[in-house]
Amino acid sequence: MLPFRLYAAVLFVLSISLLFPPFCIGIRSFPTRAIDGGDAFELASAAWARFSEAPDYRNGADCAVSMNKEMVSSCDPSLVHIAMTLDSEYLRGSVAAVHSVLKHASCPENVFFHFIAAEFDPASPRVLTQLVRSTFPSLNFKVYIFREDTVINLISSSIRQALENPLNYARNYLGDILGRCVDRVIYLDSDVLVVDDIHKLWNISLSGLRVIGAPEYCHANFTKYFTDGFWSDPVLSRVFSSRKPCYFNTGVMVMDLVRWRQGNYRKRIENWMELQRKRRIYDLGSLPPFLLVFAGNVEAIDHRWNQHGLGGDNVRGSCRSLHPGPVSLLHWSGKGKPWVRLESKNPCPLDHLWEPYDLYKPLRHHNAAKFQALSSISASTLIGFSSYLS
């Protein structure tokens, strides 16, 4: 006879397999509880734990308000759903991005954030959750754990090591990671600032059967995103024969997750990544597979929603200026990040536009009592996906 604990574990696994779809073999949940002594020490000593509490932004009089604010659901279709990655290296940027969204949103209480955290981040997903909660006490959000082995064997070397981070590929799996009740989401990189009402971006229509919307840049040299070997292969290059492909940046996308799931676009992207492992067809990281699948079939959003390239190119990180025209979103894509350049006292001129949204504070100015107070805050539920299957 099986020992009682083993028997109980088997029953738990079997029940989970019946409750959840086949792409999720197992779900690990962290019980709601206070931070223990070890976590409090990790939180208090971590370099990424130095943030001031953001102002409490509230809805205007014209905003539709949920009947039960205490039970805001991650499935609520009346909310603006935003997906972002969350990791210790870019946490300072993520916090500033969230701050900017809330500050400029007409209805900040009607925004829901879906954060994707890496399983093996130096700061545990549970601690990252506590940091978000302590910085934004009223924020509606959920943290999901991304299994790196989901994608690690599909990643090929890139021109910059940071582009090989498995978390960069989490956007490929949003249709699986987020609950099927989430029909639509805005994906944002961690190095952006939103300086306009996010509801305007949310309300953009995706015409026809288009799956994603993003600003397109048709003047860019599209050929440079793929190798000569790709373009010289008549079979591979034929993928664009029926389309007029334009470059778009995947750091800002409106995504129809219903159409994404129906078209199995996650698998389509993976197919190109598998080919890249066998034959070198591009040099950048997670961008080219998106171009291969979607370029020429993207809902063109106004350029104001992605003033990208402010981090410079992928090698030097040189300073850039704004593109002509109005600005709703600033994006420090490229090698240089504003928080790094500001910290090193060598900022680019536009980095000072990012600075007012920065909630980071040196530890010597931080109130140590804040960490003690965190021990009484309940942790949000974290959902962990064991694997994603076809």
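In this chain, numbering begins with 1 at the start of the sequence shown.
Using bins of under 30°, 30° to 60° and over 60° for the plane-to-plane angle, the ring pair W231/F226 lands in the perpendicular bin. Relative orientation of the F230 and F240 rings is perpendicular, given thresholds of 30° and 60° on the angle between their planes. A parallel orientation is assigned to the rings of W260 and F294, their planes being inclined by less than 30° (bins at 30° and 60°). Ring geometry for Y217 against Y247 counts as tilted: the plane angle lies between 30° and 60°, on a 0 to 90° scale.
The closest donor-acceptor contact from the side chain of H114 to the backbone of K142 lies at 3.5 Å or more, if one exists at all. Within the 3.5 Å criterion, the main-chain N or O of H199 finds a donor-acceptor partner in the side chain of N203. Between the side chain of R180 and the backbone N or O of V258, no donor-acceptor pair lies under 3.5 Å. Distance alone, capped at 3.5 Å, is enough to place a donor-acceptor pair between the H81 side chain and the D76 backbone. Of the possible donor and acceptor atoms, one in the side chain of E109 sits under 3.5 Å from a partner among the backbone N and O of N59. The backbone N or O of A214 lies less than 3.5 Å from no partner atom in the side chain of N306, so there is not a single donor-acceptor pair. In this structure, Q307 contributes its side chain and S328 its backbone to no donor-acceptor pair below 3.5 Å. Between the side chain of N346 and the backbone N or O of R341 there is no donor-acceptor pair closer than 3.5 Å. In this structure, Q276 contributes its side chain and Y282 its backbone to a donor-acceptor pair below 3.5 Å.
Tested against H331, the residues V194, N249, L188, L310 include a single side-chain contact (heavy atoms from CB on, under 4.5 Å) partner, N249. Of the residues listed (F51, W354, W332), the one engaging W339 in a ring-ring contact (aromatic ring centres under 6.0 Å, His included) is W354, and it is the only one.
Look at K361 and E53 and you find no salt bridge, because none of the NZ, NE, NH1 or NH2 atoms lies under 4.0 Å from a carboxylate O. Under the 4.0 Å criterion applied to side-chain N and carboxylate O atoms, D283 and R280 are assigned as salt-bridge partners. Using a cut-off of 4.0 Å between Lys/Arg side-chain N and Asp/Glu carboxylate O, E270 and R266 are scored as salt-bridged. A salt bridge is defined here as a Lys NZ or Arg NE, NH1 or NH2 lying under 4.0 Å from an Asp or Glu carboxylate O, and R184 with D256 fails to meet this definition. Using a 4.0 Å cut-off between a side-chain N of Lys or Arg and a carboxylate O of Asp or Glu, D351 and K337 do not qualify as a salt bridge. Look at D233 and R279 and you find a salt bridge, because one of the NZ, NE, NH1 or NH2 atoms lies within 4.0 Å of a carboxylate O, short of that distance.
Within the 4.5 Å cutoff, no side-chain heavy atoms of S106 are placed close to those of K200. In this structure, D87 and F146 have side chains that are not in contact, with every pair of non-hydrogen atoms separated by 4.5 Å or more. Taking 4.5 Å as the limit, every side-chain heavy atom of M255 sits out of range of all side-chain heavy atoms of I186. Residues L257 and L178 form a side-chain contact, since some pair of their non-hydrogen atoms from C-beta on lies under 4.5 Å apart. Between W272 and L236 the shortest side-chain heavy-atom distance falls below 4.5 Å. Counting only heavy atoms from C-beta outward, the side chains of L201 and I301 approach each other to under 4.5 Å. Looking only at side-chain heavy atoms (C-beta outward), P347 and P338 stay at 4.5 Å or farther from each other. Taking 4.5 Å as the limit, every side-chain heavy atom of Y225 sits out of range of all side-chain heavy atoms of I281.
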Exercise. Going through the checks in order, is the side-chain contact (heavy atoms from CB on, under 4.5 Å) test met by L353 and L330?
Worked result: CA-CA 9 Å; L353 298 177; L330 300 160; 4.2 Å; yes

For this session: Give the C-alpha distance, both sets of side-chain angles, the deciding distance and a yes or no for side-chain contact (heavy atoms from CB on, under 4.5 Å) between D196 and H104.
Result: CA-CA 5 Å; D196 201 346; H104 295 283; 5.7 Å; no

Exercise. Given V98 and F113, is the side-chain contact (heavy atoms from CB on, under 4.5 Å) satisfied, shown in steps?
Worked result: CA-CA 9 Å; V98 174; F113 281 88; 3.9 Å; yes

For this session: Could you walk me through whether Y169 and I269 pass side-chain contact (heavy atoms from CB on, under 4.5 Å), step by step?
Result: CA-CA 10 Å; Y169 295 84; I269 290 173; over 6 Å; no

For this session: List the steps and the verdict of side-chain hydrogen bond (donor to acceptor under 3.5 Å, both in side chains) for S207 and E299.
Result: CA-CA 7 Å; S207 60; E299 187 73 33; 2.6 Å; yes

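Cation-pi check for R268 over Y265 is met; the charged atom lies under 6.0 angstrom from the ring centroid and within 45 degrees of its normal. Geometrically, K103 engages Y357 in a cation-pi contact defined by less than 6.0 Å to the ring centre and at most 45° from the axis.
With rounding to the nearest 0.5 angstrom, the CG atom of D358 is 11.5 Å from the OG atom of S100. The line from NE2 of H219 to SG of C246 is 10.0 Å long, rounded to the nearest 0.5 Å. Interatomic distance, CG of L322 versus CG of L350, reported as 4.5 Å (0.5 Å rounding). Note that CG of N297 is 13.5 Å distant from NZ of K244, once rounded to the nearest 0.5 Å. One finds the CG atom of D121 at 12.5 Å from the OH atom of Y90 (value rounded to the nearest 0.5 Å). Residue E89 holds its CD atom at 10.5 Å from CG of L167, rounded to the nearest 0.5 Å.
Listed by chain and residue number, nothing satisfies the salt bridge (charged side-chain N to carboxylate O under 4.0 Å, His left out) test with R304 (two or more places apart in sequence, or in another chain).
For the pair R243 and V293, the tightest heavy-atom approach, listed with the atom from each and the gap, is NH1-O, 3.4 Å. Taking every heavy atom of both residues into account, G208 and R259 meet most closely at O-NH2, 3.2 Å. Taking each heavy atom of G309 and S333 in turn, the nearest pair found is N-OG, 2.7 Å. Listed here is the closest heavy atom pair of S74 and V182: O-CG2, 3.5 Å. In terms of heavy atoms, W202 sits closest to L79 at CZ2-O, 3.4 Å. Between S241 and R238, the closest heavy-atom pair is OG-O, 2.8 Å.
The number of heavy atoms from other shown groups lying within 6.0 Å of CG (D62) does not exceed 12.
Y360 and R92 share no donor-acceptor pair across their side chains, judged by distance under 3.5 Å alone.
Linking ILVMFWY residues whenever their side-chain heavy atoms come closer than 4.5 Å, directly or via other members, places V111 and I204 in the same cluster.
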